[in-house]
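To find a chain, count down the sequence lines: A is the first, B the second, and so on, and within it residues start at 1.
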Number of protein chains: 2
Amino acid sequence: MKPEMSGRAVALAIVEDEKNVREGLKYFLGLDSRIRITGAFGTAEGLVSYLEGGGSVDMVLMDIHLPGMDGIAATRVLQDRWPNVTVLILTIFEDQDAILDSIKAGAKGYILKNTKPDALLEQILSAAYEGSPISPTVARRILDEIRRGARVSKAADYSLTLRETEVLRDIVNGLTYRELAEHHHIAGSTAKKHILHIYQKLNVNSKAEVVRKALEEGLV
Amino acid sequence: MKPEMSGRAVALAIVEDEKNVREGLKYFLGLDSRIRITGAFGTAEGLVSYLEGGGSVDMVLMDIHLPGMDGIAATRVLQDRWPNVTVLILTIFEDQDAILDSIKAGAKGYILKNTKPDALLEQILSAAYEGSPISPTVARRILDEIRRGARVSKAADYSLTLRETEVLRDIVNGLTYRELAEHHHIAGSTAKKHILHIYQKLNVNSKAEVVRKALEEGLV
DNA sequence: CCCGATATGCACCATAGGGTGTATTTTTGT
DNA sequence: ACAAAAATACACCCTATGGTGCATATCGGG
């Protein structure tokens with residue numbers, strides 16, 4: 001991973017409605033010098049007020065089930081208004097939809113509450129340095145999701161060459177022969193050759209058709 | 001996680017071309033009583049032969065870069081012929097494509113080689129109990145991928161008229177001016193007019209761009 | 001009743017695009 | 001080292017496309 005850690009501690013806020021859990025986390029995580037707890041809130045609204053009032057945090061440990069605004073909605077709000085804040089979902093629920101919704105809302109990690117305290121600490125720190133902590137059972141669900149989505153895109157192998165693939169991308173981006181030639185520092189006639197080869201391989205005969213095929217079959 | 005572990009040890013095979021790494025893993029992982037090393041192979045073909053010969057494994061630690069069949073292709077083969085085998089990719093590469101390809105091929109986990117030995121052990125065991133071990137930096141890439149695919153269809157209202165919408169659909173379907181005119185029983189010049197109007201509204205100036213915009217913004 | 005939006009149509013022009021053929025240089029895989 | 005594949009390039013041809021201007025007819029709402 002990263003060889004060195006940044007000089008200052010990570011400013012961490014906790015949003016968790018159960019007081020015992022909240023205080024427990026605050027106490028335990030605060031023990032580590034690399035983490036500075038800047039707030040522990042019982043509701044997402046509390047955190048938002050804090051931020052609106054000028055408070056600052058690097059990272060938020062967010063529960064999903066909360067009174068008032070739930071953790072996923074809160075994540076969306078945070079990403080929208082304070083995009084530099086890293087949100088980690090910390091919950092006992094490993095419901096597939098909740099996991100995906102969290103991720104789509106912008107959460108950088110999804111940690112289950114049964115994670116051992118010191119592992120939790122590691123995961124929080126890893127999130128601070130560009131990683132995404134994911135509990136193994138959660139990861140399994142995410143991978144299942146990807147695989148499910150992966151089946152949708154049919155194999156679609158037209159064995160395009162490297163150059164042809166690059167040219168294809170440019171066609172999709174709407175470049176003309178000339179622009180394409182300049183982009184690749186080749187003659188317009190060559191660009192054209194590549195395009196015609198692509199047409200043969202994809203069995204089409206116009207840019208419009210190529211763009212459609214490329215987008216629909218995920219060739220780009 | 002799971003409260004109890006199954007009675008017998010996990011039968012683990014290692015596929016890794018570098019002898020030192022292979023032997024190191026074999027030695028270290030073999031120390032734990034919950035794991036039984038049933039084979040360490042320098043090539044994927046070696047593992048396949050072993051399985052064809054009646055050998056049995058629960059889990060495979062698979063390198064990606066291998067002489068002969070690479071780890072991803074091998075994963076595909078294993079999933080196809082021995083679907084009960086859990087494949088974990090273990091590699092130094094965190095290339096986005098390789099990660100996604102592995103997952104789509106059926107790998108249950110993607111662990112980076114810089115993972116500390118005891119963490120590796122933990123991840124292997126977690127995979128044995130329905131989890132999916134994913135290194136944090138790898139998880140980040142996967143989440144990015146999900147988010148990218150999660151883009152909601154932005155409203156995108158260009159106030160196209162009825163006719164223009166029909167024409168747009170035909171453009172996406174690759175019709176030429178002439179075909180389009182015939183399809184709607186109008187003059188080619190009229191078809192063209194509609195198209196030019198569409199270009200103005202969508203702020204583009206070629207069919208290729210229109211097709212892309214229409215598909216990406218769900219105008220059709 | 002008039003205006004604006006929609007739909008229709010034609011003319012003219014310059015350029016981009018599609019199709020075919022040929023040929024040389026590089027890369028790549030035995 | 002040799003053959004196949006890929007990438008490069010030019011010529012020629014005709015059509016499709018995009019851009020602009022102008023014009024007519026219809027319809028709905030103010």
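- Side-chain atoms of B/Asn205 lie closest to D/dG18 of the nucleotides C/dT6, D/dG18, C/dA16.
- At whole-Å resolution of the value, CG in B/Leu196 and C1' in D/dG21 are 12 Å apart.
- Out of D/dG18, D/dT8, D/dA9, the shortest distance to the side chain of A/Ser189 is found at D/dA9.
- With distances taken from any side-chain atom of A/Ile186 to the nucleotides D/dA6, C/dG18, D/dA9, the minimum falls on D/dA9.
- Phosphate contact (OP1/OP2 of C/dA7, side-chain N/O of B/Thr161, threshold under 4.0 Å): present.
- For C/dG17, the OP1/OP2 oxygens have no side-chain nitrogen or oxygen of A/Tyr199 closer than 4.0 Å.
- At a threshold of 4.5 Å between non-hydrogen side-chain atoms, the residues A/Leu168 and A/Val210 count as touching.
- The residue among B/Lys192 and A/Arg178 whose nearest nucleotide of DNA chain C is located toward the 5' end is B/Lys192.
- Between B/Glu179 atom CD and C/dG18 atom C1' the separation is 14 Å, expressed in whole Å.
- No engagement by A/His197 is indicated, since no non-hydrogen atom pair under 4.0 Å with the nucleic acid exists.
- Within the 3.5 Å criterion, the main-chain N or O of B/Glu18 finds a donor-acceptor partner in the side chain of B/Glu16.
- When the P atom of C/dT25 is taken as reference, atom CZ of A/Arg163 falls 19 Å away, rounded to whole Å.
- In terms of modelled atom types and a separation under 3.5 Å, the side chain of B/Ser49 and the main chain of B/Glu45 share a donor-acceptor contact.
- Looking at heavy-atom distances under 4.0 Å, A/Leu162 makes contact with sugar-phosphate atoms alone, never a base.
- One can place NZ of A/Lys201 at 11 Å from P of D/dA5, the figure rounded to the nearest angstrom.
- To the nearest 0.5 Å, the span separating CD on B/Glu166 from CG on B/Leu180 amounts to 10.0 Å.
- Of the listed nucleotides (C/dG19, D/dT20, D/dT8), D/dT20 has the atom at the smallest distance from the side chain of B/Lys193.
- Within a 6.0 Å sphere centred on CG of B/Leu31, other residues, nucleotides and ligands contribute more than 12 heavy atoms.
- In this structure, the NE2 atom of A/His194 is 8 Å from the P atom of D/dA9, given to the nearest Å.
- Using a 4.0 Å heavy-atom cutoff across all strands shown, B/Thr190 reaches at least one base atom of the nucleic acid.
- Contact check, B/Tyr177 against D/dG18: a side-chain N or O comes under 4.0 Å of OP1 or OP2.
- Atom CD of A/Glu164 is separated from atom C1' of D/dT8 by 13 Å (rounded to the nearest Å).
- Taking atom CG of B/Asn203 as the reference point, atom P of D/dG19 lies 11 Å away to the nearest angstrom.
- To the nearest angstrom, P of C/dT20 lies 8 Å from CD of A/Gln200.
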